[in-house]
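Structure record follows, encoded as structure tokens.
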Amino acid sequence: MSFISESDLRVLLEASKGPCVSIFLPTHRAGPATLEDRIRLKNLLDEAEERLIASGLRRPEAENVLEPARHLSAEGIFREHPCDGLAIFLSPALFRAFCLPLQFAELVVVSDRFHLKALFPLLTGDGRFYVLALSQNDVRLLLCTRYSVKEIELKGVPKSMEEALQYDNLQQQLRFRPDRAGGTGVRTAIWYGQGEEQDNTKDYLLTYCRRIDEGLHALLRDEQVPLVLAGVEYLLPIYREANTYLSLVDAGIPGNPDRLSAAELHERAWAVMQPIFEKAREDAADRYGALAGTGLTSDELEAILPAAFAGRVDSLFVAVGHQRWGRFDPDTETVHVHPEPEPGDEDLLDRAAIQTLLHDGEVYALNEQTLPCDSLIAAVFRY
């Protein structure tokens with residue numbers, strides 16, 4: 001409920017059986033204001049119902065689409081899942097709700113597809129990254145955004161040195177001692193030695209790391225999401241030697257990750273990733289400025305939408321908290337913008353962003369003041 005993944009986004013991006021209802025509600029984490037949140041949610045659902053009827057649904061059909069969301073308040077969602085923003089997506093074939101660490105502007109959209117631009121700060125630009133917390137006794141993989149962290153189930157990845165190297169066959173190379181420093185009394189496997197014995201130890205560790213890398217390769221497949229490595233100093237370079245994942249970040253988190261919670265690892269990893277994400281965004285904005293006037297950029301929606309549908313948009317900058325209502329005909333590449341939303345309209349800024357993502361472009365959802373132009377949207381074209 002409190003995390004949205006790339007697979008969730010892909011489901012919403014590709015949903016095509018409308019009408020689609022998108023509801024965004026800023027919420028409160030505690031106090032009497034949570035009661036107001038319930039009332040505001042009811043009001044937004046009532047508004048969505050009237051819009052569904054205006055779009056051609058009979059009232060019983062509209063009520064059926066919205067029924068799952070009407071149960072949320074009764075189920076105590078605001079008490080059990082405290083968050084900063086609630087995002088709800090409903091259609092005759094789909095229902096998704098996310099309690100997220102992000103404040104939304106209150107909004108209801110009824111269209112042929114879901115309105116997703118408000119989610120992009122969680123998933124694009126300075127969006128997702130992994131943390132691999134590695135020790136001889138444990139392996140954890142965390143999927144993070146700037147605002148959240150979630151542990152990923154590791155299938156096909158060894159959970160420890162013992163599991164990877166079949167501990168029973170390696171007893172001669174292991175010695176144990178109580179972990180006095182941690183004060184937990186847990187017995188920890190300690191590898192040590194000199195000369196040939198030390199070389200053997202590195203071989204065992206390298207084999208361990210290669211098996212982890214093999215499992216991650218199968219799990220992550222062709223992903224290009226940055227991966228931050230956390231581990232004790234001697235293990236980090238050994239894992240880097242074994243690594244084949246192309247997006248492993250140069251900087252890591254030194255120290256024993258077993259003693260850090262997921263939240264603590266997320267905090268330290270964000271300190272690594274924040275300047276990397278900021279530089280990527282700055283580089284993209286600089287590229288927009290350098291290419292201005294060459295025909296490879298535009299800040300006009302009428303030019304960007306057809307390019308996004310054709311897969312020509314490499315980087316898109318779009319303002320969150322703003323909408324441009326209207327319609328786009330992909331066959332004729334005509335754009336009609338309306339000052340106020342009309343039945344059948346959609347947010348054309350959102351449509352351009354969705355098409356950019358579907359064609360593997362990069363989307364930067366920013367405040368209007370930080371866009372690289374005076375428009376609400378700007379693009380760098382591939383050709």
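As the structure is a computational prediction, the values presented were derived from the model and not from experiment. In this chain, residues are counted from 1 in sequence order. When reading the values below, keep in mind they use all heavy atoms of this one structure, side chains included, and skip hydrogens, waters and symmetry mates.
- The shortest heavy-atom contact between Ala87 and Leu119 is CB-CD2, 4.1 Å.
- Side-chain contact between Ser91 and Cys20: present, with at least one pair of heavy atoms (C-beta onward) separated by less than 4.5 Å.
- Heavy-atom minimum distance, Asp299 versus Ser375: O-OG, 3.0 Å.
- A single hydrophobic cluster is not seen to contain both Ile53 and Val108; linkage of ILVMFWY side chains at heavy-atom distances under 4.5 Å, directly or through other members, places them apart.
- Checked for salt-bridge contact, Asp46 and Arg70 meet the test: a charged N lies under 4.0 Å from a carboxylate O.
- In terms of heavy-atom proximity, Leu116 sits nearest to Asp350 at N-OD1, 2.8 Å.
- Look at Arg40 and Asp37 and you find a salt bridge, because one of the NZ, NE, NH1 or NH2 atoms lies within 4.0 Å of a carboxylate O, short of that distance.
- Cluster membership for Phe309 and Val335, using ILVMFWY side-chain heavy atoms within less than 4.5 angstrom, is shared.
- Arg287 and Glu282 are not joined by a salt bridge, as no carboxylate oxygen comes within less than 4.0 angstrom of a charged side-chain nitrogen.
- Relative ring orientation between Tyr364 and Phe317 is described as parallel, the plane-to-plane angle staying below 30° on a 0-90° scale split at 30° and 60°.
- Here the CG atom belonging to Leu132 is positioned 6.0 Å from the CG atom belonging to Leu141, to the nearest 0.5 angstrom.
- Hydrophobic clustering (side-chain heavy atoms under 4.5 Å, transitive across Ile, Leu, Val, Met, Phe, Trp, Tyr) groups Leu248 together with Val139.
- Using modelled atom types, one side-chain atom of Ser247 and one backbone atom of Gln224 make a donor-acceptor pair closer than 3.5 Å.
- Using a 30° and 60° split on the angle between ring planes, Phe277 and Phe129 fall in the tilted class, from 30° to 60°.
- Rounding to the nearest 0.5 angstrom, the gap separating the CG atom in Leu143 from the CD1 atom in Ile152 is 4.5 Å.
- Annotation: cation-pi geometry satisfied between Arg312 and Phe381 (NZ/CZ under 6.0 angstrom from ring centroid, within 45° of ring axis).
- Residues Leu134 and Val232 are not in side-chain contact: their nearest non-hydrogen atoms beyond the backbone lie 4.5 Å or more apart.
- No donor-acceptor pair closer than 3.5 Å links the side chain of Arg140 to the backbone N or O of Leu154.
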For this session: Just do the ring-ring contact (aromatic ring centres under 6.0 Å, His included) check on Phe89 and Phe24 with the steps written out, would you?
Result: CA-CA 9 Å; Phe89 304 95; Phe24 299 92; 5.8 Å; yes

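- A 6.0 Å sphere centred on NE2 of His217 holds no more than 12 heavy atoms belonging to other residues, nucleotides or ligands.
- Aromatic pair Tyr239/Tyr208: centroids not less than 6.0 angstrom apart.
- Between Val313 and Val380 the shortest side-chain heavy-atom distance does not fall below 4.5 Å.
- To the nearest 0.5 angstrom, Leu219 atom CG is 13.5 Å from Glu214 atom CD.
- Considering CZ of Arg240 and CG of Leu235, their distance stands at 11.0 Å, rounded to 0.5 Å.
- Looking at His115 and Glu346, their side chains never bring a donor and an acceptor atom within 3.5 Å of each other.
- Remark: Arg327 engages Asp345 in a salt bridge, criterion side-chain N to carboxylate O under 4.0 Å.
- Note on Arg324 versus Asp347: no salt bridge recorded, every NZ/NE/NH1/NH2 to OD/OE distance being 4.0 Å or above.
- Summarising the geometry, atom CG belonging to Leu44 is positioned 6.0 Å from atom CD1 belonging to Ile23; distances are rounded to the nearest 0.5 Å.
- Taking each heavy atom of Leu25 and Glu106 in turn, the nearest pair found is CD1-OE1, 3.8 Å.
- The number of heavy-atom neighbours closer than 6.0 Å to NZ of Lys159, taken from other residues, nucleotides and ligands shown, is above 12.
- Looking at Arg58 and Glu61, a side-chain N of the basic residue comes within less than 4.0 Å of a carboxylate O on the acidic one, giving a salt bridge.
- Taking a cutoff of 4.0 Å between a charged side-chain nitrogen and a carboxylate oxygen, Glu47 and Arg51 qualify as a salt bridge.
- A donor atom on one side chain and an acceptor atom on the other are found under 3.5 Å apart for Ser135 and Asp258.
- Salt bridge Glu264/Arg259: absent, no basic N to carboxylate O contact under 4.0 Å.
- At a threshold of 4.5 Å between non-hydrogen side-chain atoms, the residues Phe95 and Ile88 count as touching.
- Taking each heavy atom of Gly311 and Arg382 in turn, the nearest pair found is O-NH1, 2.8 Å.
- Hydrophobic cluster membership differs between Val320 and Val363, with clusters built from Ile, Leu, Val, Met, Phe, Trp and Tyr side chains linked at under 4.5 angstrom.
- Residues Val21 and Val109 have side chains not in contact (no heavy-atom distance under 4.5 Å, counting atoms from C-beta outward).
- Within the 3.5 Å criterion, the main-chain N or O of Gln369 finds no donor-acceptor partner in the side chain of Asn367.
- In this structure, Pro306 and Phe328 have side chains that are in contact, with non-hydrogen atoms separated by less than 4.5 Å.
- Two residues are said to be in side-chain contact when any heavy atoms from C-beta on lie closer than 4.5 Å; Lys117 and Leu349 meet this criterion.
- Formation of a donor-acceptor pair under 3.5 Å by the Thr370 side chain with backbone atoms of Leu366 is not found in this model.
- Considering only heavy atoms from C-beta on, Asn243 stays 4.5 Å or farther from Leu216 through its side chain.
- In terms of heavy atoms, Ala262 sits closest to Val149 at O-CG2, 4.1 Å.
- Put simply, CH2 on Trp270 and CD1 on Ile276 are 10.0 Å apart, with the number rounded to the nearest 0.5 Å.
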Problem set entry | Residues Leu94, Leu90; criterion side-chain contact (heavy atoms from CB on, under 4.5 Å); working and verdict | CA-CA 6 Å; Leu94 185 147; Leu90 305 111; over 6 Å; no

